[in-house]
Amino acid sequence: MRRLLPHPLLSLTLAFLWLLLVNQLSAGHLVLGALLGWLIPFATSRFWPEQIRIRHPFTLLRYLVVFVIDIVRGSFHVARLILLGPARLRPMFVTVPLALKTDLAISLLANTISLTPGTVSARLSADKQTLIVHTLDTDDADALVAEIKQRYEAPLKRIFEEGHE
Amino acid sequence: MMLNIVIPIAYTLVSLAFLLSFWRLLKGPDAPDRILALDTLYVNTIALLVLLGIHLGSAIYFEAALLIAMMGFVGTVALCKYLLHGDIIE
Amino acid sequence: MLDILLSILILTGAIFTFIGSLGLARLRDFYTRLHGPTKATTLGVGCLLIASAVFFSVRDEGVSLHEVLVTLFLFITAPVSAHLLAKAALHLKLKSLAPTPLPDSDTPSNSSD
């Protein structure tokens, strides 16, 4: 089974993307999409060394809802700050110590931080222990770090890393 | 049709966004500023193409928008890599 | 009804796209300028693409979802670009309104010329 279908999630995603790309749902494209979803993981297997396992699908679902809401909140937040003008901004670099270990979870966290209110991830340290984040308007770095850890890092850890190693 | 009023307003706003990004591209002052401006210009172009598609009722502009999105991202990553390492392919 | 929904989506999208570029032109250092295009512009174009999906789904009486592809692509790539740009800016030691963190051993020093 493993050898026949090395990355089931990737295959499913690829088939779905193919249907979106051709923008129609016919039997022929379903077959072609399934075929591509089956073949492409073999051709690119060198890029996917580790198996992705999602441990808590409902946590993932809740995380996605929070994520979408925070994208909208983040855009309104940054729009308000831009309209109010540069004079009252309080930018700051904040260092977030990471509890996450896997590359996938860390990159998801960094991307989430960049899309959510007031923060853009700027640099991951070489040992993957800390993430430097630039914030647009804050005076309380500790509260910001605590919010990032509780709101985004904890669910990601639960979804991708519970029982890891 | 409310769209007949809204679409020209949207064209104006996106065109102004285009000009602002272009101004930042010319002014700089540093390379990352210019790359960021270029990246924003790609996204503004996508916005303009999508508006044009709705305005003219034609779906063919979508393909161009998709290509610009992909090429824009690859271009931005390549330029950043160049700034970071002085080389694109490691 | 549909007209109103489309109008709201298009206007919101255009306004956010404009504000993103306004931030790019208006703010004072690179790191703060990075925020506008990453969040506001991305959501703006996302709104426009959703408007386009609704428009073509209704007009052609079939679901048109390929706009979702571009929306997803933009929402995945925008933070990656922003992260790389910020990393490059830190590497080049651009001037910043906030005190910049210490250089990391991760950033190579052989290309500083």
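All chains are named by letter (A, B, ...) in the order of the sequence lines, taking the proteins before the strands, and each is independently numbered beginning at 1.
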Q. Between A:Thr112 and chain C, which part of the residue has a heavy atom less than 4.5 Å away: side chain, backbone, both or neither?
A. neither
Q) Checking A:Leu89 against chain C: side chain, backbone, both or neither under 4.5 Å from a heavy atom? A) side chain
Q. Do A:Arg123 side-chain atoms and C:Leu84 backbone N/O form a donor-acceptor pair below 3.5 Å?
A. no
Q.
A side-chain contact here means heavy atoms from C-beta on lying under 4.5 Å apart; do A:Val120 and C:Leu85 qualify?
A. no
Q. What is the minimum heavy-atom distance between A:Ser121 and C:Ala86, and which atoms define it?
A. O-CB, 4.2 Å
Q) Given a strict heavy-atom distance threshold of 4.5 Å, which part of A:Ser107 is in contact with chain C: side chain, backbone, both, or neither? A) neither
Q: Please state whether the side chain, the backbone, both or neither of A:Leu81 comes within less than 4.5 Å of a heavy atom of chain C.
A: neither
Q: Return the minimal non-hydrogen interatomic distance between C:Pro79 and A:Ser114, and the atom names on each side.
A: CB-CB, 3.5 Å
Q. Pick from C:Thr38, C:Val68, C:Leu65: which one has the most heavy-atom pairs with chain A under 4.5 Å?
A. C:Leu65
Q | For A:Glu153, all residues meeting salt bridge (charged side-chain N to carboxylate O under 4.0 Å, His left out), sequence neighbours excluded | A | A:Lys149
Q.
Only pairs of heavy atoms separated by less than 4.5 Å count here; which of A:Leu20, A:Val78, A:Leu136 has the most with chain C?
A. A:Leu136
Q) How would you list, by chain and number, every residue that makes a ring-ring contact (aromatic ring centres under 6.0 Å, His included) with A:His134, sequence neighbours excluded? A) A:Phe93, C:Tyr31, C:His35
**Q.** Proximity of residues 57-74 of chain A to chain C, residues having a non-hydrogen atom under 4.5 angstrom
**A.** A:Ile71, A:Val72, A:Gly74
Q: Nearest 0.5 Å please: distance from the CZ atom of C:Phe18 over to the CD1 atom of A:Ile82.
A: 10.5 Å
Q: Starting at CD1 of A:Ile113, measure out to NE2 of C:His83 and round the result to the nearest 0.5 Å.
A: 10.0 Å
Q.
Using only atom types and a distance under 3.5 Å, with no angle test, would you say the side chain of C:Arg28 pairs donor to acceptor with the backbone of A:Pro86?
A. no
Q: Name the region of A:Thr95, side chain, backbone, both or neither, that has any atom closer than 4.5 Å to a heavy atom of chain C.
A: neither
Q: Write out, in numerical order, the residues from residues 1-17 of chain C with a heavy atom short of 4.5 Å from a heavy atom in chain A.
A: C:Phe16
Q | Residue selection (most heavy-atom pairs with chain A, distance under 4.5 Å) from C:Leu22, C:Leu34, C:Leu90 | A | C:Leu90
Q | Inter-residue atom distance C:Ile76.CD1 - A:Leu108.CG, 0.5 Å rounding | A | 9.5 Å
